[in-house]
Amino acid sequence: MDPEDKKTKPLRRKVAGIGDNSATGPGYLDGQILIAMPVMDDPRFERSVIYLCAHSSEGAMGIIVNRPAGSIDFPGLLVQLDIIKRADQIKLPETAESMKVLRGGPVETGRGFVLHSSDFFIEDATLQIDNGVCLTATVDILRAIAKGSGPKHAILALGYAGWAAGQLENEIQRNGWLHCDADADLIFGGDADEKYLRALRKIGIDPGMLSAEAGHA
């Protein structure tokens with residue numbers, strides 16, 4: 001969903017291998033959480049927690065889930081996209097009012113990607129990533145959320161993080177990332193600032209003990 005294009009767009013499943021399930025298998029991390037190590041020298045990913053939506057021999061694609069989008073709020077975005085009128089913001093359901101807008105990554109920052117629970121599905125537009133977690137990138141899901149008929153849990157991310165073939169594997173080998181199982185709280189939880197520490201604690205790591213010598217989980 002692009003603020004400059006209010007027409008419904010299908011999810012482009014070929015981005016970084018999305019939809020190419022033939023190349024996935026043991027050793028791939030789709031559906032897992034990536035946690036940036038202290039040696040991460042790219043400021044775009046420092047202390048980032050990323051939900052990996054796709055990982056295959058073609059590359060990887062994920063959404064940063066702990067980077068709020070600053071002054072951008074969901075009701076205002078609905079107005080910008082002509083989904084609701086400005087006067088109707090006060091009529092939005094609580095799920096829409098409290099919807100988190102995040103900076104999902106440095107690629108295609110003008111597009112929106114909704115990570116959500118699997119109780120909502122649009123044929124040919126929603127990608128089921130793992131049990132309980134889906135990705136939809138059409139305006140239709142925003143309309144549903146505005147009407148109160150959307151998923152129970154959801155976050156809207158502007159942009160995504162992408163890796164070319166073999167790039168993520170190389171970064172992990174160089175101790176750039178830890179990884180752990182995902183859970184609903186890490187993906188959809190409200191306190192974005194605490195997600196990094198919470199993710200580390202989930203795998204039993206004291207943040208103060210991390211160093212460039214640590215390996216991955």
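Count residues from 1 along the sequence. Small disclaimer: the values here were computed from a predicted structure and weren't measured.
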Discussion item. Testing the basics here: between Ala60 and His55, what is the closest heavy-atom pair and its distance to 0.1 Å?
Written reply: CB-CD2, 3.8 Å
Response to the item:
To the nearest 0.5 Å, atom CG of Asp73 lies from atom CE of Met99 at 12.0 Å
Fill in: Inter-residue atom distance Ile83.CD1 - Leu142.CG, 0.5 Å rounding
4.5 Å
Worksheet entry | Non-hydrogen atoms of Gly31 and Ala182 that approach each other most closely | O-CB, 3.5 Å
Discussion item. Filter on salt bridge (charged side-chain N to carboxylate O under 4.0 Å, His left out), then keep only pairs touching residues 32-48, sequence neighbours left out; what's left?
Written reply: Asp42-Arg44
Discussion item. Is any side-chain heavy atom of Trp163 closer than 4.5 Å to one of Leu52?
Written reply: yes
Worksheet entry | Pro151 to His116 - nearest heavy-atom pair and separation | CG-CB, 3.5 Å
Worksheet item: Which atoms form the tightest heavy-atom contact between Asn175 and Val39, and what is the distance?
Response: O-CG2, 3.1 Å
Discussion item. Heavy-atom count check: over 12 atoms from other residues, nucleotides or ligands less than 6.0 Å from Asp191 CG?
Written reply: yes
Worksheet item: Any salt bridge between Lys85 and Asp88, counting N to O under 4.0 Å?
Response: no
Fill in: Distance-minimising heavy-atom pair for Phe45 and Ala36
O-CB, 3.2 Å
Worksheet entry | Steps toward side-chain contact (heavy atoms from CB on, under 4.5 Å) verdict (Glu194, Asp185) | CA-CA 11 Å; Glu194 286 294 317; Asp185 191 43; over 6 Å; no
Discussion item. Donor-acceptor check, side chain of Lys195 to backbone of Gly189, threshold 3.5 angstrom: yes or no?
Written reply: yes
Discussion item. With side-chain contact (heavy atoms from CB on, under 4.5 Å) as the test, pick out the partner of Ile35 among Leu178, Asn66, Ile50.
Written reply: Leu178
Practice prompt. Evaluate the side-chain proximity of Gln32 to Asp181: yes if any heavy-atom separation is below 4.5 Å, no if none is.
Written response: yes
Item to complete: Could you give me the CA-CA distance, side-chain angles and deciding distance for Leu78 and Leu92, then say whether side-chain contact (heavy atoms from CB on, under 4.5 Å) is met?
Response: CA-CA 10 Å; Leu78 293 178; Leu92 287 172; 3.9 Å; yes
Discussion item. Could you walk me through whether Ile64 and Arg103 satisfy the side-chain contact (heavy atoms from CB on, under 4.5 Å) test, starting with their C-alpha distance in whole Å, then the side-chain angles of each, then the deciding distance to 0.1 Å, before giving a yes or no?
Written reply: CA-CA 7 Å; Ile64 300 174; Arg103 299 196 185 280; over 6 Å; no
Item to complete: Quick one: pull up CH2 in Trp177 and CG in Asn170 and give me the separation to the nearest 0.5 Å.
Response: 14.0 Å
Discussion item. Please report the interatomic distance CD1(Ile84) to NZ(Lys147), rounded to the nearest 0.5 Å.
Written reply: 12.5 Å
Practice prompt. Would you give the length of the straight line joining atom CE of Met61 to atom CG of Leu168, rounded to the nearest 0.5 angstrom?
Written response: 13.5 Å
Item to complete: Determine whether Tyr51 and Leu135 make a side-chain contact, defined as any pair of heavy atoms from C-beta on separated by less than 4.5 Å.
Response: no
Worksheet item: Nearest 0.5 Å, what's the CZ-CD1 distance between Phe113 and Ile141?
Response: 13.0 Å
Practice prompt. Please name the pair of heavy atoms, one in Thr126 and one in Cys134, separated by the smallest distance, quoted to 0.1 Å.
Written response: CG2-CB, 3.6 Å
Fill in: Residue pair Asp30 / Asp130, side-chain heavy-atom distance below 4.5 Å
no
Worksheet item: Is there a side-chain contact between Leu102 and Leu158 (heavy atoms, below 4.5 Å)?
Response: no
Worksheet item: Side chains of Ile129 and Leu115: does their closest heavy-atom pair fall under 4.5 Å?
Response: yes
Item to complete: Determine, stepwise, if the pair Ser57 / Tyr28 fulfils side-chain contact (heavy atoms from CB on, under 4.5 Å).
Response: CA-CA 9 Å; Ser57 60; Tyr28 292 112; 3.5 Å; yes
Discussion item. Over 60° means perpendicular and under 30° means parallel, so tell me whether Phe188 and His153 are parallel, tilted or perpendicular.
Written reply: parallel
Discussion item. Salt bridge check, Asp183 against Lys202: does any charged N sit closer than 4.0 Å to a carboxylate O?
Written reply: yes
Worksheet entry | Any donor-acceptor pair under 3.5 Å from Ser149 side chain to Ala144 backbone | yes
